[in-house]
Structure formats: C-alpha cells, structure tokens
K.L.:
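Got a structure here, written out as structure tokens. Questions coming.
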Number of protein chains: 2
Amino acid sequence: MSDLTQRQTEILDFIRSQLRETGFPPTREDIARQFGFSSKTGAQDHLMAIARKGFIELVPGNARGIRLLKEEEALLSHQFELPLIGSIAAGTPITAETNVDTWLRIDPELFHPRADFLHRVAGHSMKEANILDGDIVGIHVQDDADNGQIVAAVMPHPKTGEDEITLKRYFRRGKKITLKPENSAPAYKPLEIDLAPLDGDSQEQTPFRIAGVYAGLIRPRG
Amino acid sequence: MSDLTQRQTEILDFIRSQLRETGFPPTREDIARQFGFSSKTGAQDHLMAIARKGFIELVPGNARGIRLLKEEEALLSHQFELPLIGSIAAGTPITAETNVDTWLRIDPELFHPRADFLHRVAGHSMKEANILDGDIVGIHVQDDADNGQIVAAVMPHPKTGEDEITLKRYFRRGKKITLKPENSAPAYKPLEIDLAPLDGDSQEQTPFRIAGVYAGLIRPRG
DNA sequence: AGGTGTACTGTACCAAAGAACAGTACAGAA
DNA sequence: TTCTGTACTGTTCTTTGGTACAGTACACCT
C-alpha cells in the first residue's frame, strides 16, 4: 500500500498529527525539530520525496504550504468504517475489496471484541440467539473459536457452490465439529462435520472455515 | 448562536473554505486580497475580533497560525456520531449537552428512520421484541407515535423521581394510553395512562412524554 | 458628549519560513 | 563499478507574513 519509507511515513504522520492538534501544517523547522535534525533541509528533502510519491502537495512560496492528498484512504474514509461483506469470490481473502458490498460508518471499537467486518444476516436460523433476519452482525476475524461461541462460517452454498457466510454456534469434540443453528423449528438442523477423513488432504477439500467470531450486531430498523 | 457580525462570519467562512481547498489557513494578506482590503491590518483586526469571541485561536509568531475552534458543532467531530443519553436532568431538552454520557461513532443515517440519539437499555422488559439488556437503541426524535410502535418514553423513576428513558410499546385509544413491556413474565405489567383528567392542566403534571420512536439497535458484544 | 466596537487605510519593521546550493554517508540495483 | 535514492548537515539568500503604531469614519449605547 504505502510506497513511503519508514522515515517518510513518520514524517507524514507528524504532519497529520500537527494538523489535528494545531489546525495548520508544520514548517520545515518544526519537522526538523521534531525529528532532531539540525538543519531544515533534511525536512525539506523528505517533503519533496513524499510529494513526489503523491502523498502531499507542496504549494511553492507559501508558508506551511503542505496539502495532504490521499486522505480519503488514510484517515477520513475507512478510519471509523467497516466493510459489509456479502458473498465471497473464489480464492479471495474475506475482506478483499471485491467482496466488499459497501462501507458503513461504524466505529469498529464499538464491538467487543473489535469488529473487522460486517455481514448482513439472511434468514431466521439464529432467531433464538436474538439475531434476526436483516440484522448486520459484526465479526472479529480469527480462525478458530471456543465451544459454544457463535462463529461466521464460510462454506459453499449447497446449490450454487459459491462461498458464503453463515452464522452458527460452534462446538468441537475431538475431530467432530457441530455447527448449530439457534432455531428449534424442525427445518433448522445442526451440521456435523468430521475432520478425520480430511487429515492429510489438501486444504481445498475442507468444506468450511471459520472467518471469525460474532462480536455483536446492528439492527438498522425499528 | 453566532455572536459574529456579518463581516466576521464571512471571514470565518473564508478561513474554513481555504482550509478545505488548500489544506492550510490563509494569511492576513490572503484575507485582505479576498475581500479587497488594501491593507492586511484590516484582516488582522477581524481575526483578533473573531478570536476574542472564541471562534478561532491565533497562534502568535506562527505563519497562518489560525486554529478553528467550535468546529465540533460545524463540521468535523459529530458529523457521523450520535450522543448516548442516560438520565435526563430536570427541565433540559433530551439531547442537551448535560444529558450526553458520550458520543459513539455511528452514522445516524444507518438507522431507519434516522437516529437522533442513542440509549442503553437496562433490564429485560423488551426481551420479546428482541431488545436485550445492554443493547444500545437508536431513537428518532418525534413527539408522538403510531399504535403498536416502540417508543422511548420519558418519565420520572418511581423511586428517585429523576426523569429517565424507558422503551415501551405504545397504544392509544381515545384518551387512554397503554405502554406495554414486551415480556410476558408476570413482573412486567403494562402501564395505563388516562389523559382525560389532565386536560387543561399544566404541562408539569403530565406523567410521561414521548422522546421518540425506536429506530433500531446496536448490540456491542458477541 | 464621550466611550466603545466595527471596519477599514497606510506605513514600517523584522522574525518566520521557503528555497537553493554544496556537501557527506550509506544501501541496493543495474 | 557506477548510478540512484534515502537520509541527513551546514550555509546563505529572499520572500512571506505577523505585528505594532497611527489614523479615519461611522454606528450605537449611556
């Protein structure tokens, strides 16, 4: 992502923090002082390098003439946003850009544990866990779970074969995994998975994986 | 709200627009040029007046040393945030600053209808509406509701007498209002309110008012 | 009638700050 | 081995830009 060197990133971060704290960009001397340079030329060189790489724009002849570019990506936009993930394209990591339907402005730290992405629930399989059709759940990414936790499981849809996310309560005893819907209606049956025959096989045959654990939800309608 | 004169408001707006467009505040000369002053002292005078009134801060000895204050109200901070309202101080409007426990970074437009404030649910009285203890509900401010809607009702706590928010399902038939908890356990009883004897009385005797309607919720834990 | 605040013009001084030039050192790529 | 980029030091020059002082004019309040 960042074409900047370590030092350049530090300096860009300093510019950002100065803007936040003082309301205006630093001078070359401010930067030199901050990083212990004895000459402001060092700061100037860095600024020109950062500008050349397109992260800032230097406005000639203007005191503190530093304009931040690319701030949508860095700060404003996804700082307090979470991606809403629908279906998952084959072979992509779950939060890959192609899988992101949209970004919602919700602070990830609101959830415990912190949410890494969101997923809209379809159907009533988790009704008795008070997760309803249309709810948006926050998922904390991790690749395993404790017994009894609700997980976001990724597995191919029985008909289309496309990978999709479903919420289930997770139980594991030895090599047997149970994914249990929270709905006592007879239509909802636990899914049993036996890991034993897969031992030594290629990863591709694994019928499911854990994308993360349930970390809370948003219900967007009254 | 604004103690600023017309001219001062124009100049403050110019500072804001410069910040947006160039990324840093204007100089005294920039301001003078913009407004056709032949001397930058005019701009300086205005800046000092605006600073004296608390809208900006001038940082002495710094080029472009203009810091915007009060920007929470205008732009930056509470743009995509919602106040979390706990108890309500006597005689204050519900979203008054004293009633705000904290601000949470959630886009108000996420909820339908749009949320105006948040409230943390205590207790299990709305369990059967799938609203649980600890959930944070979004409330859209309006002073009445349709039959069967869930409302945020403000009424004095039976013991402390302090105004507090409770969620109830609202029904009105003529002058009789029913506020119904969504929990069939015998401890939760509907509240009946008869408006008739209050007719013509002072507002103070009204035992409750509707703060708004339920617009969705956030459950911050998995 | 005098005081205070707004809204400027005009001049001047000097510190703040940008920008250019000349170096040094080191690391990795061609 | 040379070239390019990073990461600085040190010096100098010039413009930018803040700030102070001295005015003028007008409106409003007491």
Side-chain angles (χ1 to χ4, degrees), chain A residues 1-70, chain B residues 1-70:
Chain A
M1 167 127 321
S2 161
D3 291 317
L4 297 179
T5 66
Q6 175 62 30
R7 202 53 158 169
Q8 288 163 2
T9 307
E10 283 172 39
I11 286 167
L12 183 53
D13 283 344
F14 175 66
I15 297 168
R16 279 202 264 262
S17 79
Q18 285 296 100
L19 268 166
R20 236 178 312 134
E21 285 167 36
T22 68
F24 41 88
T27 65
R28 276 66 169 163
E29 263 183 276
D30 290 340
I31 296 170
R33 203 177 316 117
Q34 170 72 14
F35 291 94
F37 305 166
S38 62
S39 158
K40 52 187 177 178
T41 311
Q44 171 76 345
D45 285 354
H46 278 119
L47 289 177
M48 292 195 310
I50 299 169
R52 187 159 25 82
K53 292 176 176 177
F55 289 78
I56 60 172
E57 190 182 339
L58 295 177
V59 187
N62 286 63
R64 302 174 193 272
I66 301 170
R67 182 178 304 155
L68 293 179
L69 306 172
K70 306 196 175 184
Chain B
M1 168 123 319
S2 161
D3 291 318
L4 296 180
T5 65
Q6 176 61 29
R7 203 53 159 169
Q8 288 164 1
T9 307
E10 283 173 38
I11 286 168
L12 183 52
D13 283 344
F14 175 65
I15 297 169
R16 278 202 263 263
S17 79
Q18 284 296 100
L19 269 165
R20 235 179 310 130
E21 284 167 37
T22 68
F24 41 88
T27 64
R28 276 67 169 164
E29 263 184 276
D30 290 340
I31 296 171
R33 201 177 317 116
Q34 170 70 16
F35 292 94
F37 305 165
S38 61
S39 160
K40 53 187 176 178
T41 311
Q44 171 74 346
D45 285 354
H46 279 118
L47 289 177
M48 293 195 310
I50 299 169
R52 187 159 25 82
K53 292 176 177 178
F55 289 79
I56 59 172
E57 191 182 338
L58 295 177
V59 187
N62 286 63
R64 303 174 193 272
I66 301 171
R67 183 178 303 152
L68 293 180
L69 306 173
K70 307 197 174 184

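No experiment lies behind these values; they were computed from the predicted model shown. Numbered from 1 within each chain, the chains take letters A, B, ... in sequence-line order.
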K.L.:
Just compare C:dA19, C:dT9, D:dT6 and give me whichever is closest to any side-chain atom of B:Ser39.
P.N.:
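Of the options given, the side chain of B:Ser39 lies nearest C:dT9.
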K.L.:
Which nucleotide in the set D:dT9, C:dG18, C:dA7 lies at the smallest distance from any side-chain heavy atom of A:Phe37?
P.N.:
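Closest of the options to the side chain of A:Phe37: D:dT9.
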K.L.:
Closest-nucleotide mapping onto DNA chain C: is B:Gly61 or B:Ile11 further toward the 5' terminus? I mean the 5' end.
P.N.:
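Closer to the 5' end of DNA chain C: B:Ile11.
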K.L.:
Could you tell me how far apart A:Asp45 (CG) and D:dT11 (C1') are, to the nearest whole angstrom?
P.N.:
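A:Asp45 atom CG is separated from D:dT11 atom C1' by 14 Å.
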K.L.:
Between A:Ile56 and A:Leu47, which heavy-atom pair has the shortest distance, and what is it?
P.N.:
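For A:Ile56 and A:Leu47, the tightest heavy-atom pair comes out as CD1-O, 3.6 Å.
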K.L.:
Report the distance from atom CD1 of A:Ile31 to atom P of D:dC8, rounded to the nearest whole Å.
P.N.:
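Value for this atom pair: 12 Å.
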K.L.:
Checking only heavy atoms, does the side chain of B:Thr27 share a donor-acceptor pair with the base of D:dG17 at less than 3.5 Å?
P.N.:
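There is none.
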K.L.:
If I take atom CD in residue A:Gln8 and atom C1' in nucleotide D:dG5, what distance separates them, rounded to the nearest angstrom?
P.N.:
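For the pair A:Gln8 CD and D:dG5 C1', the rounded distance is 9 Å.
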K.L.:
Please evaluate the base of C:dG10 for a donor-acceptor partner in the side chain of B:Ser38 within a cut-off of under 3.5 Å?
P.N.:
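By the distance-only test, no, there is no pair.
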K.L.:
At less than 4.0 Å, is any side-chain N or O atom of B:His46 found next to OP1 or OP2 of C:dT6? Yes or no.
P.N.:
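So the side chain of B:His46 is outside the cut-off, no N or O lying under 4.0 Å from OP1 or OP2 of C:dT6.
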K.L.:
Heavy atoms only: give me the nearest A:Pro26-A:Ile66 pair and the separation to one decimal.
P.N.:
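Answer, listing the atom of A:Pro26 first, then A:Ile66: O-CD1, 3.6 Å.
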K.L.:
Nearest of D:dC8, D:dT6, C:dA19 to any side-chain atom of A:Arg52?
P.N.:
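Selected nucleotide: D:dT6.
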K.L.:
What heavy-atom pair brings A:Pro25 and B:Phe24 nearest, and what distance separates the two atoms?
P.N.:
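Smallest interatomic distance, heavy atoms only, reads CD-CB, 3.4 Å.
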K.L.:
So if I take every side-chain heavy atom of A:Thr41 and compare against D:dT9, D:dG18, C:dC8, which nucleotide ends up nearest?
P.N.:
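Per side-chain heavy atoms of A:Thr41, the pick is D:dT9.
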K.L.:
Sub-3.5 Å donor-acceptor pair from the side chain of B:Arg67 to the main-chain atoms of B:Val59, do we have one?
P.N.:
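Flag not set: sc B:Arg67 to bb B:Val59 has no pair under 3.5 Å.
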K.L.:
Without swapping roles, check the side chain of A:Asp30 against the backbone of A:Thr27 for a donor-acceptor pair under 3.5 Å.
P.N.:
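Side chain of A:Asp30 to backbone of A:Thr27, a donor-acceptor pair under 3.5 Å: yes, one is there.
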K.L.:
With a cut-off of less than 4.0 Å, is there a side-chain N or O of A:Arg7 near OP1 or OP2 of D:dT6?
P.N.:
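Result: no.
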K.L.:
Using a cut-off of less than 4.0 Å, is there contact between a side-chain N or O of A:Lys53 and OP1 or OP2 of D:dT6?
P.N.:
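Looking at the OP1 and OP2 atoms of D:dT6, one of them is under 4.0 Å from a side-chain N or O of A:Lys53.
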K.L.:
Nearest whole angstrom, please: distance from the C1' of C:dA20 to the CE of A:Met48.
P.N.:
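Roughly 9 Å, once rounded to whole Å.
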K.L.:
Is it the case that the base of C:dA7 and the side chain of B:Thr5 share a donor-acceptor contact (distance under 3.5 Å, atom types as modelled)?
P.N.:
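Answer is no: no donor-acceptor pair is held.
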K.L.:
Which pair of heavy atoms, one from A:Gly23 and one from B:Leu19, lies closest together, and at what distance?
P.N.:
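Of all heavy-atom pairs spanning A:Gly23 and B:Leu19, the closest is O-CD2, 3.9 Å.
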K.L.:
Would you mind reading off the distance between A:Gln6 atom CD and D:dA7 atom C1', rounded to a whole angstrom?
P.N.:
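Going from A:Gln6 (CD) to D:dA7 (C1'), I get 13 Å.
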K.L.:
A:Arg33 CZ to C:dA17 P: how many Å, rounded?
P.N.:
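It is 8 Å, rounded to the nearest whole Å.
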K.L.:
Rounded to the nearest angstrom, tell me the gap between atom CD1 in A:Ile66 and atom P in C:dA17.
P.N.:
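So the two atoms are 11 Å apart, to the nearest Å.
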K.L.:
With respect to the phosphate group of D:dG17, does any side-chain polar atom (N or O) of B:Arg28 fall under 4.0 Å of OP1 or OP2?
P.N.:
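Answer no for this pair, as no side-chain N or O of B:Arg28 is under 4.0 Å from OP1 or OP2.
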K.L.:
In terms of side-chain heavy atoms of B:Gln44, which of D:dT6, D:dT19, D:dG17 is nearest?
P.N.:
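Among D:dT6, D:dT19, D:dG17, the one nearest the side chain of B:Gln44 is D:dT19.
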K.L.:
How many Å lie between CG on B:Asn62 and C1' on D:dG17, as a whole number?
P.N.:
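So the CG-C1' distance, B:Asn62 to D:dG17, works out to 11 Å.
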K.L.:
Choosing from C:dA17, D:dA7, D:dG18, which nucleotide comes nearest the side chain of A:Glu29?
P.N.:
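From the listed options, C:dA17 comes nearest.
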